[in-house]
Amino acid sequence: MREAFITHHNVISSLGFSSEENFEHLKKEHSGIQKFQRDNGDDYYSSQVDKELLDKEFTKIGDVTLYTTLEKMMLLSVDTILKESNLKITKKTGLVIATTKGNVDVLSPDSSFYKDKKRAYLPELGKQIQGFFNFKNEAIILSNACVSGVLAVAVSQRFIKDGLYDDVIIVSGDLVSEFILSGFTSFQAISDEPCQPFSKNRKGITLGEAVASAIVSSEKNKGAVQIIGAGSCNDANHISGPSRTGEGLFLSVQSALSEANIKSKDIDYISAHGTATNYNDEMESMAFERLNMLQTPTNSLKGYYGHTLGASGLLETNMGIESLKNNTLIASKGFDEIGVSQPITVIEKTETKKIRVFLKTASGFGGCNTAVIFRKIAD
Amino acid sequence: MAKELYIQNYCSIKNNKVSLNGNLIFEENSEDIKSFFKSVYQYLDPKYSKFFKMDALSKLAFLSAEILMKEEAKKNIAIILSNNASSLDTDRKHQDSINDKENYYPSPAVFVYTLPNIGIGEISIRHQLKSENGFFVFENYNTNFHYNYENILIQNNKSEAVLAGWVNIDGDSYEAFLYLVSQNGTIEHTEKNLKQLYNN
């Protein structure tokens with residue numbers, strides 16, 4: 001069976017328009033979270049992409065008036081990795097788009113695309129991306145709540161291993177819109193301060209927006225990481241809250257470890273979900289305890305980006321790959337005192353450390369969980 | 001060696017009809033989706049009151065799964081569903097609740113269903129399936145994707161069987177075509193057969 005590698009990746013976020021630029025900010029522990037104001041005048045914290053800069057950059061590749069904000073971010077991100085890789089798009093090139101809400105902001109009468117009734121449909125987003133780059137295959141759109149971005153990595157790895165495609169381009173993204181803000185506010189899930197994953201003082205999530213993209217390939221290049229195992233299991237417990245015992249996450253990590261043929265002690269670093277809600281962070285600590293991973297250095301990048309929903313899994317994967325490349329563990333921003341029942345090892349200080357294998361996890365509404373394991377192929 | 005896979009059972013819910021393995025099992029000319037789904041629920045009689053809290057997409061996914069899972073003992077069953085409109089039907093309801101600043105009433109009970117995979121969660125809870133799952137979106141039912149991904153999940157031992165298919169809700173229109181792929185059955189699991197059963 002063939003192997004699958006991530007060869008190129010990109011992130012467009014509040015912390016920059018390339019993975020390298022983003023990682024430089026993480027190394028300096030710069031957060032992209034700032035105070036914003038909602039339509040009703042309420043303040044909220046969030047991490048958002050500079051739209052003027054986006055249009056300025058997008059002008060280099062297309063007409064800014066023809067595309068929605070999310071489309072521009074996705075097109076720019078995919079354009080970047082295609083150019084970096086010189087990849088030739090053939091019938092054996094797949095396109096996977098991961099998003100929870102896509103262009104849902106166009107449902108608002110305030111949107112300049114409001115009259116285009118088709119634009120809110122996800123297949124239309126797929127057509128925009130497919131058509132722009134002339135992909136030969138219909139986009140495979142994955143909309144599986146907050147695991148979408150990392151589940152897209154798992155799905156792409158499976159297609160590559162199976163030989164269905166030689167390369168898969170993944171692009172994942174979501175925006176901070178009034179739709180999302182109003183919904184999470186109604187859930188009383190939003191923190192009134194920048195989020196503090198795994199902390200005793202955590203008060204809920206901070207919403208963020210980003211687009212992340214990656215090329216998953218059957219052929220490795222210099223600096224590639226191998227995707228060595230993946231699992232995605234449901235809690236079968238509750239649609240809007242995680243399992244108390246971390247059951248689905250536990251099973252997902254077990255499935256990924258078994259495929260990778262390694263033990264949990266072989267993992268050098270965990271890039272956790274860490275949304276900073278009471279239940280999520282507690283659930284993760286339970287799962288990591290059951291997996292004997294309490295000693296494994298763990299962080300959540302939500303303190304830098306907020307929760308970027310469908311983008312988060314791939315965004316955090318890409319930054320995890322940078323951690324491997326740079327042998328650098330990034331401090332879990334916003335963490336002070338441990339606030340989960342199982343004493344997980346939260347990274348408190350950014351440090352240089354030789355790391356080779358990392359685990360990315362995510363969990364979401366609908367009881368979904370995903371775990372993917374990555375290994376550096378050479379130093 | 002590759003496992004031989006079959007479409008063990010299949011069902012559809014569309015045009016006021018419910019059928020299982022090509023045989024009509026229920027029919028009713030209802031006024032709207034809500035009352036039709038309620039009638040199908042009463043016919044299947046799962047005694048599961050949570051059903052009435054679900055949005056239309058989850059109801060449709062739940063009812064289709066109920067038909068196929070009634071006498072199913074296997075537990076490591078993956079769930080791979082797809083559709084065209086994602087959760088737009090419920091998205092529009094949430095949007096309506098926030099459009100008017102004077103009449104602003106977003107509800108967590110609606111918002112939670114603004115994700116298409118919630119129906120997968122509902123099926124997982126109902127049948128205690130702690131297994132692989134994913135919700136995908138395509139212009140039309142994509143047999144090539146479904147055939148390949150279902151096959152990959154079973155061949156790579158990620159699951160023993162796959163509950164899969166198309167579940168779409170968009171305004172007044174609804175359509176479900178679900179099936180169970182496993183090593184049991186007589187209809188070979190091929191792209192051609194999936195296409196044929198879907199079009200029937």
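Lettering of chains follows the sequences in order, A, B, ..., and the numbering in each one begins at 1.
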Side chain, backbone, both or neither: which part of S86(B) has a non-hydrogen atom closer than 4.5 Å to chain A? side chain
Could you check whether any side-chain heavy atom of L107(A) comes within less than 4.5 Å of a side-chain heavy atom of L88(B), counting everything from C-beta outward? yes
Given a strict heavy-atom distance threshold of 4.5 Å, which part of L153(B) is in contact with chain A: side chain, backbone, both, or neither? side chain
Heavy-atom distances under 4.5 Å only: say whether K161(A) touches chain B with side chain, backbone, both or neither. neither
From Q155(B) CD over to M1(A) CE, what is the distance, rounded to the nearest 0.5 angstrom? 8.5 Å
Given that the side chain runs from C-beta out, which part of N157(B) has a heavy atom under 4.5 Å from chain A: side chain, backbone, both or neither? neither
Quick check on E247(A) against chain B: is it the side chain, the backbone, both or neither that has a heavy atom closer than 4.5 Å? side chain
If you measure from CG on N369(A) to CG on N133(B), what distance do you get to the nearest 0.5 Å? 8.5 Å
Grab the two heavy atoms, one from S186(A) and one from P106(B), that are nearest each other, plus how far apart they are. CB-O, 3.8 Å
Given heavy-atom pairs under 4.5 angstrom as the criterion, report whether the side chain, backbone, both or neither of N142(B) touches chain A. side chain
Distance from L164(A) atom CG to F145(B) atom CZ, nearest 0.5 Å? 10.0 Å
What part of K101(B) gets closer than 4.5 Å to chain A, counting heavy atoms only: side chain, backbone, both or neither? side chain
Does any heavy atom of chain B fall under 4.5 Å from the side chain of A139(A), the backbone, both, or neither of them? backbone
Could you check whether any side-chain heavy atom of I239(A) comes within less than 4.5 Å of a side-chain heavy atom of Y113(B), counting everything from C-beta outward? yes
Heavy-atom side-chain proximity of Q188(A) to P108(B) below 4.5 angstrom: no
Can a side-chain donor-acceptor contact be found between D170(B) and Y121(A) if the only test is distance below 3.5 angstrom? yes
Heavy-atom distances under 4.5 Å only: say whether I118(B) touches chain A with side chain, backbone, both or neither. both
Considering all heavy atoms of both residues, which atom of K101(A) and which atom of S87(B) are nearest to each other, and what is their separation? NZ-OG, 3.2 Å
Looking only at the side chains, is there a donor atom on one of K158(B) and S255(A) sitting less than 3.5 Å from an acceptor on the other? yes
If one checks every heavy atom of I140(A) against chain B at 4.5 Å, the contacting part turns out to be both
Quick check for you: to the nearest 0.5 Å, what is the distance between R158(A) atom CZ and N151(B) atom CG? 13.0 Å
Whatever's closer than 4.5 Å to a heavy atom in chain B on L151(A) counts as side chain
For a 4.5 angstrom cut-off between non-hydrogen side-chain atoms, does N234(A) reach S131(B)? no
Under a 4.5 Å heavy-atom cut-off, does chain B meet the side chain of N237(A), its backbone, both or neither? backbone
Counting heavy atoms not belonging to K34(B), are there more than 12 under 6.0 Å from its NZ? no
Looking only at non-hydrogen atoms, find the nearest pair between I125(B) and A236(A) and report the distance. CG1-C, 3.7 Å
Please look at E138(A) and chain B and tell me whether the side chain, the backbone, both or neither of the residue comes under 4.5 angstrom of a heavy atom of that chain. side chain
What part of Y105(B) gets closer than 4.5 Å to chain A, counting heavy atoms only: side chain, backbone, both or neither? neither
Applying a strict 4.5 Å limit to non-hydrogen atoms, the region of A230(A) in contact with chain B is backbone
I'd like to check F135(B) versus C368(A) (side-chain heavy atoms, cut-off strictly below 4.5 Å). Are they in contact? no
How are the rings of F111(B) and F184(A) set relative to one another: parallel (under 30°), tilted (30 to 60°) or perpendicular (over 60°)? perpendicular
Given that the side chain runs from C-beta out, which part of R92(B) has a heavy atom under 4.5 Å from chain A: side chain, backbone, both or neither? both
Which answer fits N99(B), side chain, backbone, both or neither, if we ask what part of it has an atom under 4.5 Å from a heavy atom of chain A? side chain
Per-residue tally against chain B (heavy atom, under 4.5 Å) across G102(A), A154(A), S243(A), S182(A) peaks at S182(A)
Contact origin within D110(A) toward chain B - heavy atom pairs under 4.5 Å: neither
